[in-house]
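Just so it is clear, the structure is predicted and the values come from calculations on it, not from any experiment.
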Amino acid sequence: MLSLQQSHHRPIGRRRSRKTRLAVLSATTAATLGLAFLATPTADAHHATRHDRYGHHSHHSQHSHGPAYLNPKLSTKTRVADLLGRMTLAEKIGQMTQAERIDIDANPSLITTYGLGSILSGGGSTPAQNNAAGWADMVDRYQRAALATRLGIPMIYGVDSVHGHGNMQGATVFPHNIGLGATRDPKLVEKIGHVTAIETRASGVPWVFAPCICVARDDRWGRTYESFGEDPKLVESMETVIDGLQGHPGQLDQRDHVLATAKHFAGDGLTTYDASKAGTGAYPIDQGVDHVTRAEFEKYALSVYKPAIKRHHVGSVMPSFSSVDFTDGLTDGQDGAVKMHANRELITGWLKGQQHFDGFVISDWRAIRQLPGDYTAQVKTSVLAGVDMFMEPIQAPNNPNGWDVFIPTLTGLVNSGQVPISRIDDAVSRILTAKFNLGLFEHPFTDRSLQSTVGDAAHHALARRAAAESQVLLKNSSRTLPLHARADRPVYVAGSNANNIGNQAGGWTLTWQGGSTNVIPGTTILDGIKQYAPGATYSADASAAVPSNAAGVVVVGETPYAEGFGDVGGPQWAYDPGDHGVPRQPQTMQLSAADRTAIDKVCSQAASCTVLVVSGRPIILPPEVVAEADAIVASWLPGSEGAGVADDLFGTRAFTGKLPVTWPRTLDQEPINVGDANYDPLYPFGWGLTTRRR
Ligand code: GLC
């Protein structure tokens, strides 16, 4: 995909299409970088690891008095201490290093050479065979390279399963978090976490960069849909998704659980909209600055991390790209805005110190390069702030370097005494603890026994239930809903989002940004309607004649986006493999002209008129639209089972959803949140009519 050169204000090109592969670094490059010593096994290697014909890793020493770290009967604490004591500095720093799969896919021996501790898939970075078997083959191939290192430490693979394993074709794709917040159903969300863990781990991936426990306060933010809502208590109630993902403590080594990541620490959803950046190619609000008091930050940013750690035992935390500038005091002893990745007071002081977080902190995508100073300063600041593992993809030619420079830079900082070995040992101990708890030393390769459940009927039934429970009925005059499929009431369907599974799935689906032409298994909203009204007329632009006495349904809303590209006034991502060259729309939080036309046509001709809004956040509905629609539904981003929306429309399920965010009257009301003074939205936080029969 087109990438924009990284500069201070322009978004960095972060993902590459599968078509263009990285000219990978060769082992010779590693040698020239003076890292060849990494690859030479030392004489004191206590054991040779053997791979039986299944590629399973067996330590002959396990049958003798092998090293303690390989003995599963010993405590994790003991095993970590033993292994740490055997590691060279280079091996320790390797464990703190995360590469992107594109950097090493053509030459996995780089994992062995550098002793890389982790690999990730960025959004849309998928194996050629993009199914569970293809993923497992890929991850296991990388794992073999990791096990070929001197100490045979398994690598940990991470991916953004933010609404199911969205990157993987065939995965069950659930509603994005904003729709789950609308369900107010913590048990449902826990089940979704569990199914997500099953489908992710079956593909070989034991770690997900989810959930975002962001509290979205300004809906112009492109990541609003990744938030469960604007109220920290609501977000907290949805953290049951972590239990679904991880299981209870001690269950992380099971085939149906993965390590979760609470992100993005902290205050990613509290940034202030900077109108001067709108239309300039920079992000007006994503990755911005929280201008808040310490009390506000405590309430809206930090509070949600306490239960994530203490009650749900989340295994990793990812800092935010954003910064915080306390309006009532210094941040980390510094005046002005401090990047969260540089925030020692909050990562080491508050998260690890006060909250006793015992997992590990993973940096966001090349986020440390946004810190002040040169790269050495950036690495030093973030390591000392308490970051443990570094997501430093190369993705050349987009970026001139990444983890290949991170490793010698951190090595130099330790050797010169600027970073104490105690900090390195703390980071590595945290990372190894997670790997032992995940069972990666005993079972480094994929357990494929649940691959048959990926995308199966039971998982899709859950997605359909979630889509139904996430629907919020905003208006229902003269009991227009539920519709009854009757011969004398033909159904007429229009609108840009009635029959587009890519749009209803949204970002982080097959590709990073998602795409209107991304196709995944499932049902569109139109498919669902036709299950109830097989003879329904469909005309996206409402150009077809509207039968008399018709029940009109107009499905409008947004096209997919992710991160800052979804900011109102944010840059347009030139194209995405999922778009097949279809130019992307700027995000405005307004109805498109085509959708407005479709609403006007249908509502003026049909006997009744229902408007469904498929979007990652509230869309501004002009007063005339609110007046002419008999019923209005917030459908959010329902994911792969649009049929769940039809279940509410036709009364199989009652509408029960409640607004997780305030629905503004106009854009200039943003940010507008429950509790504000002079609170005068179109529909308030918590609003939602029901069609439940008395
Ligand atoms: C992105 C996002 C983060 C994601 C990471 C890896 O920049 O900020 O949420 O987990 O990169 O894809």
Side-chain angles (χ1 to χ4, degrees), residues 174-192 228-229 234 237-238 240 458 460-486 489 491 493 497-498 504 522-534 536 551-557 607-615 618 621 626 629-663 682-694:
F174 293 97
H176 271 294
N177 286 352
I178 195 166
L180 299 183
T183 69
R184 301 299 199 276
D185 188 343
K187 274 286 164 220
L188 167 70
V189 168
E190 181 177 350
K191 284 187 170 53
I192 289 172
F228 290 109
L234 170 58
S237 71
M238 296 284 119
T240 50
H460 272 263
L462 184 65
R464 182 165 179 159
R465 173 186 158 197
E469 287 195 33
S470 66
Q471 302 303 297
V472 182
L473 183 54
L474 301 175
K475 178 184 179 184
N476 191 22
S477 61
S478 53
R479 298 173 55 77
T480 297
L481 299 180
L483 301 176
H484 301 288
R486 295 188 329 230
R489 291 301 300 272
V491 177
V493 184
N497 281 349
Q504 74 188 44
T523 54
T524 63
I525 292 168
L526 178 64
D527 293 332
I529 289 172
K530 288 191 166 179
Q531 288 176 13
Y532 291 93
V553 179
V554 194
V555 190
V556 300
S608 74
C609 179
T610 296
V611 174
L612 307 180
V613 184
V614 171
S615 60
L621 300 174
V626 177
D630 300 304
I632 303 173
V633 178
S635 294
W636 314 113
L637 297 171
S640 58
E641 284 302 333
V645 177
D647 290 339
D648 286 14
L649 280 181
F650 288 90
T652 301
R653 282 184 177 271
F655 283 93
T656 53
K658 307 280 178 214
L659 282 182
V661 293
T662 299
W663 196 287
L682 183 59
Y683 301 107
F685 172 83
W687 176 262
L689 302 173
T690 182
T691 50
R692 192 191 302 283
R693 283 180 282 279
R694 294 283 167 268

Please report the shortest heavy-atom distance between [X] and [Y], naming the atom on each side.
| X | Y | result |
| --- | --- | --- |
| D185 | E469 | OD2-OE1, 2.8 Å |
| V614 | S635 | CG2-CB, 4.0 Å |
| T691 | F655 | OG1-N, 3.0 Å |
| L234 | R184 | CD1-CD, 3.6 Å |
| M238 | P186 | CE-N, 3.8 Å |
| P660 | W636 | CD-CZ2, 3.5 Å |

Start with the C-alpha gap between L474 and L682, add the side-chain angles, then the distance that decides, and say whether side chain to side chain contact (heavy atoms under 4.5 Å, CB included) holds.
CA-CA 10 Å; L474 301 175; L682 183 59; over 6 Å; no
So I192 and L462, side chain to side chain contact (heavy atoms under 4.5 Å, CB included) or not? Walk me through it.
CA-CA 7 Å; I192 289 172; L462 184 65; 4.1 Å; yes
Straight-line distance of [X] [atom1] to [Y] [atom2], nearest 0.5 Å:
| X | Y | atom1 | atom2 | value |
| --- | --- | --- | --- | --- |
| T690 | L481 | OG1 | CG | 11.5 Å |
| T610 | I529 | OG1 | CD1 | 9.0 Å |
| R479 | L689 | CZ | CG | 11.0 Å |
| C609 | D630 | SG | CG | 6.0 Å |
| S615 | N497 | OG | CG | 8.5 Å |
| L473 | L659 | CG | CG | 10.5 Å |

Looking at [Y], is its backbone amide N or carbonyl O close enough to the side chain of [X] to form a donor-acceptor pair, meaning the two atoms are under 3.5 Å apart?
| X | Y | answer |
| --- | --- | --- |
| T524 | D527 | yes |
| K475 | I632 | no |
| Q504 | T523 | yes |

Should the ring pair W663 and Y683 be called parallel, tilted or perpendicular, given that the plane angle runs from 0 to 90° and is split at 30 and 60?
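Rings of W663 and Y683: perpendicular, over 60°.
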Under the criterion side chain to side chain contact (heavy atoms under 4.5 Å, CB included), I'd like the reasoning laid out for R653 against Q471: C-alpha separation, chi angles, the key distance, then a yes or no.
CA-CA 10 Å; R653 282 184 177 271; Q471 302 303 297; over 6 Å; no
Using the side chain to side chain contact (heavy atoms under 4.5 Å, CB included) rule, take D647 and Y532 through it: C-alpha gap first, then chi angles, then the decisive distance, then the call.
CA-CA 9 Å; D647 290 339; Y532 291 93; 2.5 Å; yes
